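Owing to the predicted nature of the structure, the values given are computational and were not obtained by experimental measurement.
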Amino acid sequence: MATLGQSIWRNAVGLGLFAVITGGTIALTQALTEDRIEQQVARAEARALFEIIPEDRISNRILSDTVTLPASDTMNNGKPITAWVARRDVRPTGLILPVTAPDGYSGEIHLLVGINMKGTVLGVRVTSHRETPGLGDKVDTKKSDWILTFEGRSLDNPEPENWAVKKDGGVFDQFTGATITPRAVVSAVERTLVYFREHRRQIRDIVREPPSPASEPITPEALAGNESAEEHS
C-alpha cells in the first residue's frame with residue numbers, strides 16, 4: 001500500500017514539474033519573441049501599404065502621415081482609428097485603414113483596406129492571419145490573387161445585396177473547401193466602405209488638414225525604415 005502511495009506521489013510530482021517547465025518555457029519563448037513578432041507584423045503592414053498605393057502615385061511620406069478617424073463600433077470596437085493618408089501635391093487622394101475581420105475560420109484576420117476619397121477600394125491586403133494552409137490562406141497574395149478582386153469595388157459595385165461570396169448569393173468567389181475565410185474578408189471590406197460613407201464628410205475634413213510634423217505611424221517607422229526605403233527605391 002505504501003508502495004502504491006509513493007508511486008502516486010512520484011507521478012503527481014512529475015506531472016507537476018512537467019506542467020511548470022512547459023508553462024515556463026512557453027512564457028519565456030513568448031516574452032523573447034514578442035517584439036520580433038510585432039516588428040514582423042509591422043514590417044508586413046509597411047510593405048502592404050506600398051502594394052496598395054505605390055510610392056510613385058503619392059508625394060507624401062505615407063508611413064508618417066497618419067490621422068485619427070472617428071470611433072466606430074462596427075469597425076474597431078468603438079476605438080478611434082488611426083489611418084495612413086496618401087497625398088498628391090498635398091491634396092489627399094486616399095486612405096489606408098487597418099481593419100480586423102474577427103470571424104475568420106481560425107480567428108482574427110488583419111487587413112489593410114485602401115479607399116480613395118470617392119469611396120472606391122484602391123486595394124486590400126492581409127497582413128496577418130492563422131487560416132488553414134492550402135485552404136483559407138488563399139486570402140494572402142503569396143497564395144493567390146483573390147484579394148485583388150476588391151480593387152475598384154465600391155458600395156455600388158456590386159450592389160449591397162451582392163456583397164457576399166457566391167455561395168451566399170454574392171459576386172465574390174469562395175475557395176474550394178473554405179468559405180468562412182473569404183466570407184469574413186468580404187464582410188470586413190464592406191464594413192469599411194460603409195464606415196467611410198457614414199463618416200465621409202468628417203473624414204474629408206480631417207484628412208484635408210496638413211499633416212502634423214509630430215504625427216507618428218501606427219507602426220514604428222523603423223519597421224519600414226531603411227529596409228523599406230531600399231526595397232522601394
Side-chain angles (χ1 to χ4, degrees), residues 38-69 75 81-101 109-129 137-157 172 185-186 188-190 192-193 195-197 199-200 203-233:
E38 289 180 358
Q39 288 177 357
Q40 290 175 343
V41 170
R43 195 182 300 279
E45 288 182 342
R47 282 195 292 266
L49 284 172
F50 291 114
E51 287 181 11
I52 294 172
I53 304 180
E55 282 184 285
D56 60 1
R57 296 184 187 176
I58 59 177
S59 58
N60 63 321
R61 297 172 63 85
I62 191 172
L63 287 172
S64 58
D65 192 347
T66 59
V67 294
T68 301
L69 302 181
M75 280 287 294
I81 300 168
T82 304
W84 290 271
V85 183
R87 302 178 192 274
R88 191 77 176 177
D89 299 329
V90 182
R91 184 174 60 88
T93 58
L95 285 170
I96 299 180
L97 293 83
V99 177
T100 299
I109 303 171
H110 297 278
L111 314 161
L112 292 179
V113 179
I115 305 175
N116 70 17
M117 302 313 294
K118 295 181 179 178
T120 300
V121 176
L122 296 171
V124 180
R125 293 293 185 277
V126 171
T127 56
S128 67
H129 68 86
D137 65 346
K138 293 178 182 176
V139 294
D140 194 324
T141 53
K142 295 176 182 176
K143 303 295 182 179
S144 82
D145 59 0
W146 178 84
I147 202 79
L148 304 182
T149 59
F150 291 104
E151 294 179 11
R153 298 288 188 178
S154 68
L155 288 178
D156 298 322
N157 176 27
F172 297 97
V185 173
V186 170
V189 176
E190 183 187 20
T192 307
L193 292 173
Y195 167 82
F196 182 84
R197 183 180 62 185
H199 298 81
R200 178 175 295 179
I203 289 173
R204 284 180 172 175
D205 289 342
I206 292 172
V207 299
R208 281 172 180 164
E209 294 289 330
S212 168
S215 65
E216 296 290 342
I218 296 174
T219 55
E221 185 154 6
L223 69 92
N226 294 332
E227 180 171 326
S228 285
E230 292 172 0
E231 290 175 352
H232 297 279
S233 61

Taking all non-hydrogen atoms of both residues into account, name the closest pair between T141 and E51 and its distance. OG1-OE1, 4.4 Å

My understanding is that only residues two or more places apart in sequence, or in another chain, count here; which of them pass side chain to side chain donor-acceptor pair (under 3.5 Å) with H110? T100, E108

Pairwise side-chain contact, Y195 with I203, heavy-atom cut-off 4.5 Å (strictly under): yes

Kindly indicate whether the side chain of I81, heavy atoms from C-beta on, has any atom under 4.5 Å from the side chain of P98. yes

Any idea which heavy atoms bring W84 and I62 closest together, and the distance? CD1-O, 3.0 Å

Please name the pair of heavy atoms, one in L111 and one in A188, separated by the smallest distance, quoted to 0.1 Å. CD1-CB, 3.8 Å

With rounding to the nearest 0.5 Å, note down the distance linking CZ in R61 to CD in E55. 9.5 Å

If you define the side chain from C-beta out and look only at heavy atoms, does anything of L97 sit under 4.5 Å from L112? no

Rounded to the nearest 0.5 Å, what separation is found between the CD1 atom of I96 and the CD1 atom of I52? 4.5 Å

For the residue pair W146 and V139, what are the closest heavy atoms and their distance? CZ3-CG1, 3.8 Å

What distance separates L155 CG from E190 CD, expressed to the nearest 0.5 Å? 6.5 Å

Of the non-hydrogen atoms in R88 and D56, which two are nearest, and what is the gap between them? NH1-O, 3.0 Å

Student check: side-chain heavy atoms of S154 and V121 closer than 4.5 Å: no

Hey, could you give me the NZ/CD1 distance between K142 and I147, rounded to the nearest 0.5 Å? 14.0 Å

Within the 4.5 Å heavy-atom criterion, are R125 and L148 side-chain neighbours or not? yes

When rounded to the nearest 0.5 Å, the distance separating NE2 of H199 from CG of L69 is 9.0 Å

Please indicate whether R57 has more than 12 foreign heavy atoms, meaning atoms of other residues, nucleotides or ligands, lying under 6.0 Å from its CZ. no

Show the nearest heavy-atom pair for residues F172 and R153, with the distance to one decimal. CE2-NE, 4.0 Å

Taking side chain as C-beta onward, heavy atoms only, is I53 less than 4.5 Å from L49? no

Do the non-hydrogen side-chain atoms of I115 and L193 ever get within less than 4.5 Å of each other? yes

Spell out, as yes or no, whether a donor-acceptor pair under 3.5 Å connects the side chain of R197 to the backbone of G119. no

Working note: V85 + L95, criterion side-chain contact (heavy atoms from CB on, under 4.5 Å); need CA distance, chi angles, decisive distance, verdict. CA-CA 5 Å; V85 183; L95 285 170; 3.7 Å; yes

Mind checking the CZ-NZ spacing from R200 to K118? Nearest 0.5 Å is all I need. 10.5 Å

